[in-house]
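Just so it is clear, the structure is predicted and the values come from calculations on it, not from any experiment.
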Amino acid sequence: MYELVGKASPFLFLLALALLDGVLLMFILRPQISPSTSTPPSFYSLLKDRYILVAAGSLCIASMAIGVLESTLPIWMTGTMCSPAWQIGLVFLPATVCYLVSSTLFGMLSHKFGRWLCCLLGMVLMGISLLCMLPAVTIYGLLLPLAVTGISLGIVDSSIMPMMAYLVDLRHSSVYGAVYAISDMALCFGYAVGPSAAGAIAQAIGFRLLMVIIGVLNILYAPLCILLRNPLGKEEKMVTGQ
């Protein structure tokens with residue numbers, strides 16, 4: 001749209017989409033709110049919970065990988081492939097479509113196979129997909145790795161968000177505002193740190209080495225998801241102090 005229609009076109013499209021979404025929310029989303037009888041867990045107690053920290057770390061590192069890609073891949077494509085503007089936008093389409101499909105699909109499958117296992121698998125796939133971008137010399141060599149990247153992020157997102165609610169139910173009390181705030185913080189931190197640091201790092205060490213670092217980081221972090229397999233409940237937590 002930027003290249004073929006004009007600079008303002010994608011922003012005007014997003015403006016119309018946001019207005020439509022806002023109108024629909026006003027008229028359709030009318031939740032019935034009743035006062036909670038449960039005492040909400042303190043924000044500090046949730047931040048001290050090692051299981052919640054591991055889950056938030058998974059979300060942060062996976063989203064950081066996407067943030068790094070979005071800020072450095074277009075520059076690398078312009079410099080090494082001489083890609084026109086429409087190709088730079090189109091290259092992210094497989095990741096977006098695959099994210100939509102996988103987040104919907106694994107929202108159901110992660111409950112069946114184990115959310116910890118799906119999250120571990122998603123982070124390993126993320127690391128492998130980033131490493132598979134290294135040999136690419138044309139846009140066609142990027143499409144499959146980016147598609148796998150979208151699938152990976154969808155798996156992690158759809159596994160971690162229900163896991164956060166489960167951990168609060170199991171180890172604290174069934175009030176979810178604070179734990180979802182932590183999830184959003186982890187997501188935003190990854191998207192903030194990734195783009196803000198990636199440009200300078202890529203300029204210093206190169207795009208390919210940066211992909212190796214982020215890919216290996218995802219693979220090395222993935223085994224920590226095993227800790228989420230059998231988290232201790234409230235009673236066990238009080239006995240062991242964990």
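What you find for Gly190 and Pro195 is that their closest heavy atoms are O-CD, 4.1 Å. Annotation for Met126 and Ile66: closest pair CE-CD1, 4.1 Å, computed over non-hydrogen atoms. When all heavy atoms of Pro223 and Ile219 are compared, the pair lying nearest together is CD-O, 3.2 Å. Thr72 and Val68 get closest at one heavy-atom pair: OG1-O, 2.6 Å. Pairing each heavy atom of Ser159 with each of Cys119, the nearest pair is OG-N, 4.0 Å. In plain terms, the two heavy atoms of Cys118 and Ile155 that are nearest each other are O-CG2, 2.9 Å.
Residues Trp116 and Pro231 have side chains not in contact (no heavy-atom distance under 4.5 Å, counting atoms from C-beta outward). The shortest side-chain heavy-atom distance between Val148 and Ile128 does not fall under the 4.5 Å cut-off. In this structure the side chain of Pro74 reaches within 4.5 angstrom of the side chain of Ile88, judged on heavy atoms. Within the 4.5 Å cutoff, side-chain heavy atoms of Arg115 are placed close to those of Pro162. Side-chain contact between His172 and Leu46: present, with at least one pair of heavy atoms (C-beta onward) separated by less than 4.5 Å. Side-chain atoms of Phe106 and Asp157, non-hydrogen and from C-beta on, never get closer than 4.5 Å to each other. You'll find the side chain of Leu73 reaches within 4.5 Å of the side chain of Phe92, heavy atoms only.
The side chain to side chain contact (heavy atoms under 4.5 Å, CB included) test with Leu146 singles out one residue from Ile139, Leu69, Ile151, and that residue is Leu69.
Transitive grouping of hydrophobic side chains (ILVMFWY, heavy atoms separated by less than 4.5 Å) brings Val212 and Leu142 into a common cluster. Hydrophobic clustering (side-chain heavy atoms under 4.5 Å, transitive across Ile, Leu, Val, Met, Phe, Trp, Tyr) groups Ile213 together with Tyr221. Linking Ile, Leu, Val, Met, Phe, Trp and Tyr residues whenever their side-chain heavy atoms come within less than 4.5 Å leaves Val91 and Ile75 in two separate clusters. When the side chains of ILVMFWY residues are joined at heavy-atom separations under 4.5 Å, either directly or via intervening members, Leu131 and Met77 end up in a single hydrophobic cluster. Tyr180 is connected to Ile52 through a chain of hydrophobic side-chain contacts under 4.5 Å among Ile, Leu, Val, Met, Phe, Trp and Tyr, so both are in one cluster.
Summarising the geometry, atom CE belonging to Met163 is positioned 5.0 Å from atom CG belonging to Leu228; distances are rounded to the nearest 0.5 Å. Put simply, CE on Met64 and CG on Leu59 are 11.0 Å apart, with the number rounded to the nearest 0.5 Å. A distance of 5.5 Å separates CG in Leu210 from CD1 in Ile205, rounded to the nearest 0.5 Å. Between atom CG of residue Leu167 and atom CD1 of residue Ile160 there is a gap of 8.5 Å, rounded to the nearest 0.5 Å. Of the inter-residue distances, the one linking Leu153 atom CG with Ser102 atom OG reads 7.5 Å to the nearest 0.5 angstrom. The CG atom of Leu20 sits 9.5 Å away from the CG atom of Leu25 when rounded to the nearest 0.5 Å.
Atom CZ of Phe13 has 12 or fewer heavy atoms from other residues, nucleotides or ligands within 6.0 Å. The environment of Tyr191 atom OH is dense: over 12 non-hydrogen atoms of other residues, nucleotides or ligands sit within 6.0 angstrom. Heavy-atom neighbours of Phe11 CZ from other residues, nucleotides or ligands within 6.0 Å: at or below the threshold of 12.
Defined by atom type and a distance below 3.5 Å, a donor-acceptor pair is missing between the side-chain atoms of Ser158 and Ser110.
Checked by atom type and distance alone, the side chain of Asp49 never pairs as donor or acceptor with a backbone atom of Ser45 at under 3.5 Å. With hydrogens and angles disregarded, no donor-acceptor distance shorter than 3.5 Å links the side chain of Ser183 to the backbone of Met161.
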